[in-house]
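What follows is a single structure, written as structure tokens, with notes after it.
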Amino acid sequence: MAIERLLMKDVRLVLDDWRKMVFVSGPRQVGKTTLAKAMLATRPGRYFNWDLPSDRKILIKDPTFFEKDPITLPGLPLVVFDELHKYAR
């Protein structure tokens, strides 16, 4: 858990201060999804997982759907795309 906290601090810096995208990669089972979901617990946003047929269908139908999603909470919404590397396009 100590590593996750260190990464969370860096991710917050990039999102909050630099207002940039963050790409998290690494080997299987190291906590990438856990980190992303923990970030969503602290700010407004949406989580999409390519492995879920309902999420995959939304992305294929309209790749910019998240720009139109009415997230009305204050601040910039966080949009997490999990397992997106499996998207063949």
Side-chain angles (χ1 to χ4, degrees):
M1 292 303 253
I3 293 172
E4 185 173 310
R5 279 186 243 126
L6 289 173
L7 288 175
M8 191 172 275
K9 179 182 172 186
D10 292 338
V11 170
R12 278 196 188 108
L13 175 71
V14 173
L15 292 174
D16 295 339
D17 294 351
W18 301 345
R19 299 169 76 90
K20 300 286 183 180
M21 281 192 277
V22 175
F23 291 90
V24 178
S25 66
R28 296 182 59 176
Q29 303 293 313
V30 296
K32 299 176 299 291
T33 297
T34 301
L35 174 66
K37 288 183 175 183
M39 292 302 301
L40 279 170
T42 67
R43 61 189 63 234
R46 298 278 309 271
Y47 173 83
F48 297 93
N49 186 327
W50 184 258
D51 289 338
L52 299 175
S54 57
D55 289 353
R56 188 170 45 242
K57 185 177 178 181
I58 291 170
L59 183 58
I60 289 171
K61 182 178 178 184
D62 181 8
T64 61
F65 70 94
F66 58 91
E67 294 175 355
K68 303 166 195 142
D69 194 14
I71 300 172
T72 58
L73 299 172
L76 289 175
L78 177 63
V79 180
V80 173
F81 295 104
D82 203 358
E83 300 295 338
L84 196 61
H85 64 281
K86 297 176 183 177
Y87 186 26
R89 282 189 178 174

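The structure presented is a predicted model; accordingly, all values stated were derived computationally and were not measured.
Residues Leu59 and Leu84 meet the side-chain proximity criterion, which asks for heavy atoms closer than 4.5 Å. Between Arg46 and Leu40, every side-chain heavy-atom pair lies at or beyond the 4.5 Å cut-off. Contact check for Tyr47 versus Val79: no side-chain heavy atoms found under the 4.5 Å cut-off.
Residues satisfying the side chain to side chain contact (heavy atoms under 4.5 Å, CB included) test with Lys86, not counting sequence neighbours, are Trp50, Asp51, Glu83.
A side-chain donor-acceptor contact under 3.5 Å links Lys32 to the backbone of Pro27.
The distance from atom CG of Leu15 to atom CG of Asp10, rounded to the nearest 0.5 Å, is 11.0 Å.
Sorted by first and then second residue, the pairs that involve residues 53-65 and meet salt bridge (Lys or Arg N to Asp or Glu O under 4.0 Å), not counting sequence neighbours, are Asp62-Lys68.
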Begin from the C-alpha positions of Leu35 and Met8 and carry the test side-chain contact (heavy atoms from CB on, under 4.5 Å) through to its verdict. CA-CA 7 Å; Leu35 174 66; Met8 191 172 275; 4.0 Å; yes

Go through the steps for Thr42 and Arg12 under the test side-chain contact (heavy atoms from CB on, under 4.5 Å), then give the verdict. CA-CA 10 Å; Thr42 67; Arg12 278 196 188 108; 3.6 Å; yes

Run the salt bridge (charged side-chain N to carboxylate O under 4.0 Å, His left out) check on Arg43 and Asp16 step by step: do they pass? CA-CA 11 Å; Arg43 61 189 63 234; Asp16 295 339; 2.9 Å; yes

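A continuous path of hydrophobic side-chain contacts links Phe81 to Ile60 [ILVMFWY only; heavy atoms under 4.5 Å]. Leu78 and Leu52 fall into different hydrophobic clusters, where Ile, Leu, Val, Met, Phe, Trp and Tyr side chains are chained together by heavy-atom contacts under 4.5 Å. Hydrophobic clustering (side-chain heavy atoms under 4.5 Å, transitive across Ile, Leu, Val, Met, Phe, Trp, Tyr) keeps Val30 apart from Val22.
Minimum interatomic distance between Ala36 and Val80 (heavy atoms only, all atoms of both residues): CB-CG1, 3.7 Å.
Through direct or indirect side-chain contacts shorter than 4.5 Å among Ile, Leu, Val, Met, Phe, Trp and Tyr, Phe23 is connected to Met21.
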